[in-house]
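A short write-up of the structure that comes next.
A note on names: the letters A, B, ... follow the listed sequences, proteins ahead of strands, and every chain is numbered from 1. Computed from heavy atoms alone, side chains included, the values below leave out hydrogens, waters and symmetry copies.
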2 protein chains.
Amino acid sequence: MVASVAVTRGMDRDSQAANGLPLAEHHLLAVLGEGPDTGIRPTDLAAASTLTKSGLTRAVDRLESAGLIERRECPSDGRGQLIALTAKGRQVLRRAAPEFFRAIARHFADHLTEPEIETITGVFERIAAAGRA
Amino acid sequence: MVASVAVTRGMDRDSQAANGLPLAEHHLLAVLGEGPDTGIRPTDLAAASTLTKSGLTRAVDRLESAGLIERRECPSDGRGQLIALTAKGRQVLRRAAPEFFRAIARHFADHLTEPEIETITGVFERIAAAGRA
DNA sequence: ACGAGTTAATTGTACCAGCAACTACCAGCC
DNA sequence: GGCTGGTAGTTGCTGGTACAATTAACTCGT
């Protein structure tokens, strides 16, 4: 718990310093950047992030006001929507990426050996998957 | 990030269900339980927990109102104080401990093999120490 | 084709956390 | 001894998050 908070807080500071975005919101952009260009459903985005659905709604509100993402209608489900990066959002993400990876290194990866990283990656994926179930 | 949030949220739910205390507050009791009976300085307690100094002040307020801990004057520093468990706090902690360990197993340890646990314990300790520096 | 039950997303509310500013106290130096 | 710089803990304030209840739309059985 202490370690995870230390990493999260350090990353959050760096993220804010780099592009003014809290870590959670930067992470949303990153997830969107890896997804299809058509966008991602809010529920899926919440599951891939650290937010609940309600938290996601507010975060999307903020990012939309900032012009970094947009809500599109979902063609296959009238209730739903698709969240997608705008051109500006894509640009912000690309610009911030190098510093973001450096921050990961500084706060986390640099403390680990190569085999430790492999072990931990597997463990974290298993736990995240279990949390989703 | 996703994995750590999953574990933390799961543990928090279980902690609240078990003794009505949020995970962060239960954790404070646990840290106090492992420390000397004379108590721990707030600054040290904050460093050993997931809270900042200001967050710790409020958490201590709540736990003190609940009668689980008490603030004592610090003999060696007139500004400072010593936070210590009350008898009631010790009792609550002892009663909740078994379920707390089961929760750790359920949400975290059961997903890992024995060597993975050893690796991760070392890594987390290193990172927590780096965060303290 | 219609209704019951389910799921997607939002909103009202309450709470918790952090930052920055503040007060009180300590320590070291002249 | 008194002054200067630093440390311990608290408080005003703001913002973010979750929970629970709500609205709208989908799905399946008949």
If I take atom [atom1] in residue [X] and atom [atom2] in nucleotide [N], what distance separates them, rounded to the nearest angstrom?
| X | N | atom1 | atom2 | value |
| --- | --- | --- | --- | --- |
| B:I83 | D:dG9 | CD1 | P | 8 Å |
| A:I69 | C:dA9 | CD1 | P | 13 Å |
| B:L56 | D:dT7 | CG | P | 19 Å |
| A:M1 | C:dA17 | CE | P | 11 Å |
| B:D61 | C:dC15 | CG | P | 15 Å |
| B:Q81 | C:dA24 | CD | P | 15 Å |
| B:E73 | D:dG9 | CD | C1' | 14 Å |
| A:R62 | D:dT17 | CZ | C1' | 9 Å |

* Structure fact -> B/S/- along nucleotides 20-29 of chain D (protein heavy atoms under 4.0 Å) is B---BBS---
Would you indicate whether [X], at its atom [atom1], is surrounded by more than 12 heavy atoms from other residues, nucleotides or ligands within a distance under 6.0 Å?
| X | atom1 | value |
| --- | --- | --- |
| B:R13 | CZ | no |
| A:R71 | CZ | yes |
| B:R95 | CZ | no |

* Asked: Can you pull the ring pair (Phe, Tyr, Trp, His ring centres under 6.0 Å) pairs that have at least one residue in residues 40-68 of chain B, sequence neighbours excluded?
  -> none
* **Sequence neighbours excluded, every pair satisfying ring pair (Phe, Tyr, Trp, His ring centres under 6.0 Å) that has a member inside residues 37-96 of chain A** => none
* Asked: Which residues, if any, of residues 2-20 of chain A bring a heavy atom under 4.0 Å of DNA chain C?
  -> A:R9, A:R13
* To do: Pull out every residue in residues 36-47 of chain A that has a heavy atom closer than 4.0 Å to any atom of DNA chain C, ordered by number, or say none.
  => A:R41, A:P42, A:T43
* Have a look at B:L51 and say if it touches a base, only the backbone sugar-phosphate, or nothing, with a 4.0 Å heavy-atom cut-off. => sugar-phosphate
* Structure fact -> When A:L21, A:L93, A:L85 are each screened for side chain to side chain contact (heavy atoms under 4.5 Å, CB included) with A:L68, the one that passes is A:L21
Mind checking whether [X] and [Y] sit in one hydrophobic cluster, side chains of I, L, V, M, F, W, Y counted as touching below 4.5 Å?
| X | Y | answer |
| --- | --- | --- |
| B:L51 | A:M11 | no |
| B:I117 | A:F124 | yes |
| A:L23 | A:M1 | yes |

* Structure fact -> Quick note, side chain to side chain donor-acceptor pair (under 3.5 Å) partners involving residues 97-106 of chain A, not counting sequence neighbours, are A:D14-A:R106, A:E99-A:R102, A:E99-A:R106
* **Contact under 4.0 Å: B:T52 side-chain N or O vs C:dA17 OP1/OP2** => no
* Is a side-chain N or O of A:R72 found less than 3.5 angstrom from the main chain of A:G39, in a donor-acceptor match? -> no
